[in-house]
Amino acid sequence: MNKIIITGSAGFIGSALCIKLLERGESIIGIDNHNDYYDPELKSARLKRHQKYSSYQHYKLDICDQSGLEEIFRVHKPKKVVNLAAQAGVRYSMENPLAYINTNILGFANILENCRHYNIEHLVYASTSSVYGANTKMPFSEHDSVNHPLSVYAASKKSNELMAHTYSYLYKLPTTGLRFFTVYGPWGRPDMALFKFTKKIIEGEPIDVFNHGKHTRDFTYIDDIVDGVIKALDKQSLSNIEWNSNQPDPATSSAPWNIYNIGNNKPVQLMDYIDALEKTLGKKANIKFLSLQPGDVPDTYADISNLKEKFNYKPSTSVINGVSNFVKWYRDFYKT
């Protein structure tokens, strides 16, 4: 049984990952600060699903608290760490950029320091498709330049990738960054489109659709995401050449460091996504079309060939099934 620290364990992806790892017998130490960026009651409800597992232990802690974080590492001596704790949201980063600097950069530095001092075998951390900015070459590849982020959120995640590389190079800390592409599904975040659209359509309110609906997104179902995270986490210490075979920069050759896209590899038109939701709800949306928002990007499309080649990663959930599963959960959870 491995001891694994998972930060952001009350979050959408974090909770789903905890449950999957607990089901296979792992010992999980969960860390989450339970902030009020969205409804803390939803986070508490997610955590209730963990309670039936005796091998789960939870800490209400902010990863910016270095001394508190160090104490958890010292007591539990984990073998692996998955860092999912972050201030999320592209649009909110325009209103409160310092929240992203504190949690996503200072907090991540604390994670790296503890991983270094406690000889962690493997750190897996969340990056984002937002690092690709306004790139127009499709699909997005790990070989593409990501030097022009369009939001503080994206800049903070790009910083994480650079910080991880430095620690991998200097201290031989094995790190894997995963660039998530538009994750959705049951127990999702209320600030994301599917959650907002479902709530408003049910309540008969208009939905805001930006860029006049001319978006495409590589919507990726939560179960497929969790499967990919676990495949990456299970990677054992390999030679530096094996670690970096998918990286274009020769400077990575002496660092156990990798970056992977993790998406569905099947971009969907936003209006088709809304159509799938309307069909599932049995109700038409009242759509308010708006211009493209600053910091947002028109299209995302993941090249996942590296993740497929390394780990046999095969996302399998169609949008219609994924949306249907979400709506079923939403109606049950909110008793609508």
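Quick note: numbers below take in every heavy atom, side chains included, and nothing from hydrogens, waters or symmetry partners. A quick note: this is a predicted structure, and the numbers were derived from the prediction, not measured.
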> Honestly curious: do Val323 and Phe181 fall in one hydrophobic cluster under the side-chain, below-4.5 Å linking rule?
Replying inline: no
> Are any side-chain N or O atoms of Lys283 and backbone N or O atoms of Ile202, one a donor and one an acceptor, separated by less than 3.5 Å?
Replying inline: yes
> Linking I/L/V/M/F/W/Y whenever their side-chain heavy atoms sit closer than 4.5 Å, directly or via other members, would Ile201 and Phe210 fall into one cluster?
Replying inline: no
>> What I'd like to find out is whether the side chain of Ile29 reaches to under 4.5 Å of the side chain of Ile4, using heavy atoms alone.
In response: no
> Would you say the side-chain atoms of Ser324 pair up with the backbone N or O of Ile320, donor to acceptor, closer than 3.5 Å?
Replying inline: no
>> Would you say Met192 ends up clustered with Val268 if hydrophobic residues are merged whenever their side chains have heavy atoms under 4.5 Å apart, either directly or through other cluster members?
In response: no
> Closest approach of Ala302 and Pro139, non-hydrogen atoms and distance?
Replying inline: C-CB, 3.9 Å
> Do Asp191 and Tyr92 meet the criterion of a side-chain donor-acceptor pair at a distance under 3.5 Å?
Replying inline: no
> Can we call the ring centroids of Tyr184 and Phe326 under 6.0 Å apart?
Replying inline: no
>> Quiz question: by atom type and distance under 3.5 Å, do the side chains of Asn261 and Tyr132 form a donor-acceptor pair?
In response: yes
>> Contact between Lys137 and Asp144 at the side-chain level, heavy atoms closer than 4.5 Å - yes or no?
In response: yes
>> Checking the side chain of Asn102 only, and the main-chain atoms of Leu98 only, is there a donor and an acceptor separated by less than 3.5 Å?
In response: yes
> With distance as the sole test, does Asn83 use its side chain to make a donor-acceptor pair with the main-chain N or O of Thr7 at under 3.5 Å?
Replying inline: no
>> I'd like to know if the side chain of Asn286 reaches the main chain of Gly204, judged simply by a donor and an acceptor atom lying under 3.5 Å from each other, with no hydrogens or angles considered.
In response: no
> Could you go step by step and tell me if Phe333 and Trp187 meet the ring pair (Phe, Tyr, Trp, His ring centres under 6.0 Å) rule?
Replying inline: CA-CA 9 Å; Phe333 187 78; Trp187 298 95; 5.3 Å; yes
>> Do the side chains of Arg179 and Glu142 get close enough for a salt bridge, i.e. N-O under 4.0 angstrom?
In response: no
>> Applying salt bridge (Lys or Arg N to Asp or Glu O under 4.0 Å) as the test, list every pair that has at least one member in residues 214-223; sequence neighbours left out.
In response: Arg217-Asp296
> Where do Val319 and Ala276 come nearest, in terms of heavy atoms and distance?
Replying inline: CG1-CB, 4.4 Å
> Is Lys199 salt-bridged to Glu203, cutoff N-O under 4.0 Å?
Replying inline: yes
> Any sub-3.5 Å donor-acceptor pair from Lys43's side-chain atoms to Asn35's backbone N or O?
Replying inline: yes
>> What I'd like to find out is whether the side chain of Val131 reaches to under 4.5 Å of the side chain of Glu161, using heavy atoms alone.
In response: yes
Just list the side-chain donor-acceptor pairs under 3.5 Å for residues 58-66, sequence neighbours left out, or say none.
from: His58; atom 1: ND1; to: Ser9; atom 2: OG; distance (Å): 3.4
from: His58; atom 1: ND1; to: Tyr56; atom 2: OH; distance (Å): 2.6
from: His58; atom 1: NE2; to: His34; atom 2: NE2; distance (Å): 2.9
from: Tyr59; atom 1: OH; to: Gln57; atom 2: NE2; distance (Å): 3.1
from: Tyr59; atom 1: OH; to: His76; atom 2: NE2; distance (Å): 2.7
from: Asp62; atom 1: OD1; to: Cys64; atom 2: N; distance (Å): 2.9
from: Asp62; atom 1: OD2; to: Asn33; atom 2: ND2; distance (Å): 3.3
from: Asp65; atom 1: OD1; to: Ser67; atom 2: N; distance (Å): 3.4
from: Asp65; atom 1: OD1; to: Ser67; atom 2: OG; distance (Å): 3.1
from: Asp65; atom 1: OD1; to: Gly68; atom 2: N; distance (Å): 2.9
from: Gln66; atom 1: OE1; to: Asn114; atom 2: ND2; distance (Å): 3.1

> Going through the checks in order, is the salt bridge (Lys or Arg N to Asp or Glu O under 4.0 Å) test met by Asp234 and Arg24?
Replying inline: CA-CA 13 Å; Asp234 286 345; Arg24 78 173 194 181; 2.6 Å; yes
>> Over 60° means perpendicular and under 30° means parallel, so tell me whether His165 and Tyr169 are parallel, tilted or perpendicular.
In response: parallel
>> Quick one: does any side-chain atom of Asp39 pair with a main-chain N or O of Pro190 as donor and acceptor, under 3.5 Å?
In response: no
>> Whether the side chain of Tyr100 engages the backbone of Val90 through a donor-acceptor N/O pair (distance < 3.5 Å, no angle test) should be reported.
In response: no
> Which heavy atom of Ile262 sits nearest a heavy atom of Thr220, and at what distance?
Replying inline: O-OG1, 4.4 Å
>> Do Leu307 and Phe140 sit in one hydrophobic cluster, given that two such residues count as connected whenever their side-chain heavy atoms are within less than 4.5 Å of each other, even indirectly?
In response: no
> Between Asp332 and Lys328, does at least one N-O distance fall below 4.0 Å, as a salt bridge requires?
Replying inline: no
>> Taking the basic N atoms (NZ, or NE/NH1/NH2) and the acidic carboxylate oxygens, is any pair closer than 4.0 Å for Glu121 and Lys80?
In response: no
> Which heavy atom of Phe180 sits nearest a heavy atom of Ala126, and at what distance?
Replying inline: CE1-CB, 3.3 Å
> Between the side chain of Ser168 and the main-chain N/O of Leu173, is any donor-acceptor distance below 3.5 Å?
Replying inline: yes
> With the 4.5 Å side-chain cut-off for hydrophobic clustering, are Ile111 and Ile72 part of the same group?
Replying inline: yes
> Which atom names give the shortest non-hydrogen contact between Gly188 and Phe195, and what distance separates them?
Replying inline: O-CE1, 3.4 Å
>> Within the 4.5 Å heavy-atom criterion, are Arg91 and Gln293 side-chain neighbours or not?
In response: yes
> Are the charged groups of Glu71 and Arg74 less than 4.0 angstrom apart, N to O?
Replying inline: yes
> How close do Ile222 and Ala16 get, heavy atom to heavy atom, and via which atoms?
Replying inline: CG1-CB, 3.9 Å
> Can Arg189 be said to sit on top of Phe12's aromatic six-ring, NZ or CZ under 6.0 Å from centre and within 45° of the ring axis?
Replying inline: no
> Below 4.5 Å, heavy atoms only, C-beta onward: do Glu26 and Leu22 meet side chain to side chain?
Replying inline: no
>> Given 3.5 Å as the limit, does a donor-acceptor pair link the side chain of Asn321 with the main chain of Ser318, or not?
In response: no
